[in-house]
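Naming: A, B, ... by sequence-line order, numbering from 1 per chain.
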Protein chains: 2
Amino acid sequence: MTVPSGRRERKKAATRQKIASTALRLFLERGYDAVGIREVAAEADVAVTTLFSHFASKEALVFEQDEDFEQRLTQAVTGRAPHEPLIPALRREIRALVRHCTADSAAPIWRMIDESSALRKYEESMRLRHAETLATAIAADPELSQTATASRTIARFVIDAYSLAREAADPEAAVDEIFRMIEAAWEVTCPSRRA
Amino acid sequence: MTVPSGRRERKKAATRQKIASTALRLFLERGYDAVGIREVAAEADVAVTTLFSHFASKEALVFEQDEDFEQRLTQAVTGRAPHEPLIPALRREIRALVRHCTADSAAPIWRMIDESSALRKYEESMRLRHAETLATAIAADPELSQTATASRTIARFVIDAYSLAREAADPEAAVDEIFRMIEAAWEVTCPSRRA
DNA sequence: GAACGTAACACTAACCGTTAGGGTTTTGAA
DNA sequence: TTCAAAACCCTAACGGTTAGTGTTACGTTC
C-alpha cells in the first residue's frame, strides 16, 4: 500500500497525455461535435473504456487542466500577504487568467468551445463549481469574517468577471470595469473597515 | 397560408400538455433519472419522435414555462414607471420569483431538480440565456445608457441573486443582502446621477 | 363538397456518449 | 517466485436523440 512510484505512474500519465493530445488534435482539425469518442479512442490506440477511466466525459478531454484554474483562485485568497485586501488580489489573478486565455495561441481552442453547445454547457457548470470553491475559501478567511451569502455572492461575481471579460472586446479593460463594481459591492459587506 | 386556427391548434396544445403532465407525474413518482423517454412517450400514448417535436430535450419537459421567467424580468425593466430606478424594480421582481419557487407547493419539483445533475446543468444554461436577455433589455433603455459590459454585468449579478437566494436558508433576507451589493455595484456605473 | 397541400403524428433503425461485466497483461511488493 | 492490484481490453448494452419514411387529419381552395 505504498505510493505506486515508478514505471506504472509514468505509463499511466503517458496514456492519459496521449489520449488528451490526440483528442484535442482531432477536435481542432474537424470540430468537436464531428469527432466521436470511438474515433478518438481508436486514434489514440486505446479502448473506449480506458479513455473513460482517464476522463469522466467527452467534454473533460478539452478542459484537461481546469484544476489549475480552481487552485489559482483559492491561492489568490489564502496565499495573499497578511492584511492584503481581498479584491485587488482577486483582480490581479483574474486579469492574469483572462490574459492567458485570450492569448492568440489559445484562440482556436476557445473558438472550438464557442462553437459547441455541449462544451459551453460544460464550462458553465465548471465555473459554478469554481465559484463554490472560491466561496469556501473566502468564507474560511478569519480576516474577512463574511456571511455565507456574502461569500458566495462575491465568489459568483468574480467568476462572472472572468466569463464576461473573456468575451468582451477589450478584455483587460472589462476586468477593470467589472472589478470596480465588485469592489463597491464588497465594501457594502464590511461596513466598519477596509478588508 | 392563414393562421391555422381551430381544431388543429387545440389538438396540438392538448398533445403537448398531455406529454408534459405525464412526464412530470412520472418524474415526481419515480425520479427524473429513473424514467426513460420511451416510457414517458408510451405513457402519454405518443411516439418518441412526437415527444421530441414538442420538446427539444428531456430536460425541457421539466422547465416547460421558463419563458415566463424571461419575460417577467425584461418586463420589470422595460415596463417600469418612468424615472423609476432600475435596481429596486429588479429586486421586487426577483423577490417575487424567489418567493414563488420556494413555496411549499414547488418544493417537490425543486427537490427533483436538485437530485439530478442533468437538470441542474440545464437550469444553469437557462439562467445564462436569461441573463443575456436581461442584459439586452438594460442596454436598450435610453434612461440608463450603460456600456455593454456594465449591462451584462448587472444582468449576471441579478440572475446570481435569484440563484443564490433560492438556495439560502432565508431566501427573502438573502435577496435583500445581495441586492444591497448589487445596488452599490450599480451606482459605480452611473457616477453623475441616481438611475 | 371533392381534391389537394401540409401539419401532426407514427414506426423503424440507427447514432452517440456512457457504463457494466468479465477477461488479460503489466507492475510492484512480499 | 508468487501474488494482488492496477491498468488495460473487448463486447454488449442502455438511454437520449435524430434521420428517413410513411400515414392520418385538418384547413383551404376551387
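A salt bridge links A/Glu143 with A/Arg80: the closest approach of a Lys/Arg side-chain nitrogen to an acidic carboxylate oxygen falls below 4.0 angstrom. Look at B/Glu115 and B/Arg120 and you find no salt bridge, because none of the NZ, NE, NH1 or NH2 atoms lies under 4.0 Å from a carboxylate O. Salt bridge annotation for B/Glu123-B/Arg166: present, with a cationic side-chain nitrogen under 4.0 angstrom from a carboxylate oxygen.
Rounded to a whole Å, the CG atom of B/Asp45 is 11 Å from the C1' atom of C/dA10. Atom CD1 of B/Ile19 is separated from atom C1' of C/dA10 by 12 Å (rounded to the nearest Å). A/Lys18 places its NZ atom 18 Å from the P atom of D/dA7, with the value rounded to the nearest Å. Between the C1' atom of C/dT6 and the CZ atom of B/Arg7 lies a distance of 16 Å, rounded to the nearest Å. Spacing between atom CZ of B/Arg16 and atom P of C/dC9 amounts to 11 Å, rounded to whole angstrom units. A/Ile37 has its CD1 atom 17 Å from the C1' atom of D/dC9, to the nearest Å. Distance, A/Lys11 NZ to C/dT26 C1': 7 Å, rounded to whole Å. Look at CD on A/Glu9: it is 14 Å from P on C/dT27, rounded to the nearest Å.
When ring centroids are compared, B/Phe69 and B/Phe63 stay outside the 6.0 Å threshold.
Looking at heavy-atom distances under 4.0 Å, A/Val35 makes contact with sugar-phosphate atoms alone, never a base. Residue-level contact check: A/Val48 touches the bases, meaning some heavy atom is under 4.0 Å from a base atom.
Phosphate contact (OP1/OP2 of C/dA8, side-chain N/O of B/Ser53, threshold under 4.0 Å): absent. The phosphate of D/dC9 has OP1 or OP2 within less than 4.0 Å of a side-chain N or O from A/Thr50. A close approach under 4.0 Å does occur between a side-chain nitrogen or oxygen of B/Thr15 and OP1 or OP2 of C/dC9. An OP1 or OP2 oxygen of D/dC8 is reached within less than 4.0 angstrom by a side-chain nitrogen or oxygen of A/His54.
Closest approach to the A/Arg8 side chain among D/dG16, C/dG5, D/dA7 is made by D/dA7 (side chain taken as heavy atoms from C-beta onward).
Around CD of A/Glu29, the count of heavy atoms belonging to other residues, nucleotides or ligands within 6.0 Å exceeds 12.
Both B/Phe52 and A/Leu51 lie close to DNA chain D; mapped to their nearest nucleotides by heavy-atom distance, the more 5′-ward contact belongs to A/Leu51. Nearest-nucleotide positions on DNA chain D place A/Thr49 closer to the 5' end than the other of A/Thr49 and A/Arg38.
If you check distances only, the side chain of A/Arg10 never reaches the base of C/dT27 with a donor-acceptor pair under 3.5 Å.
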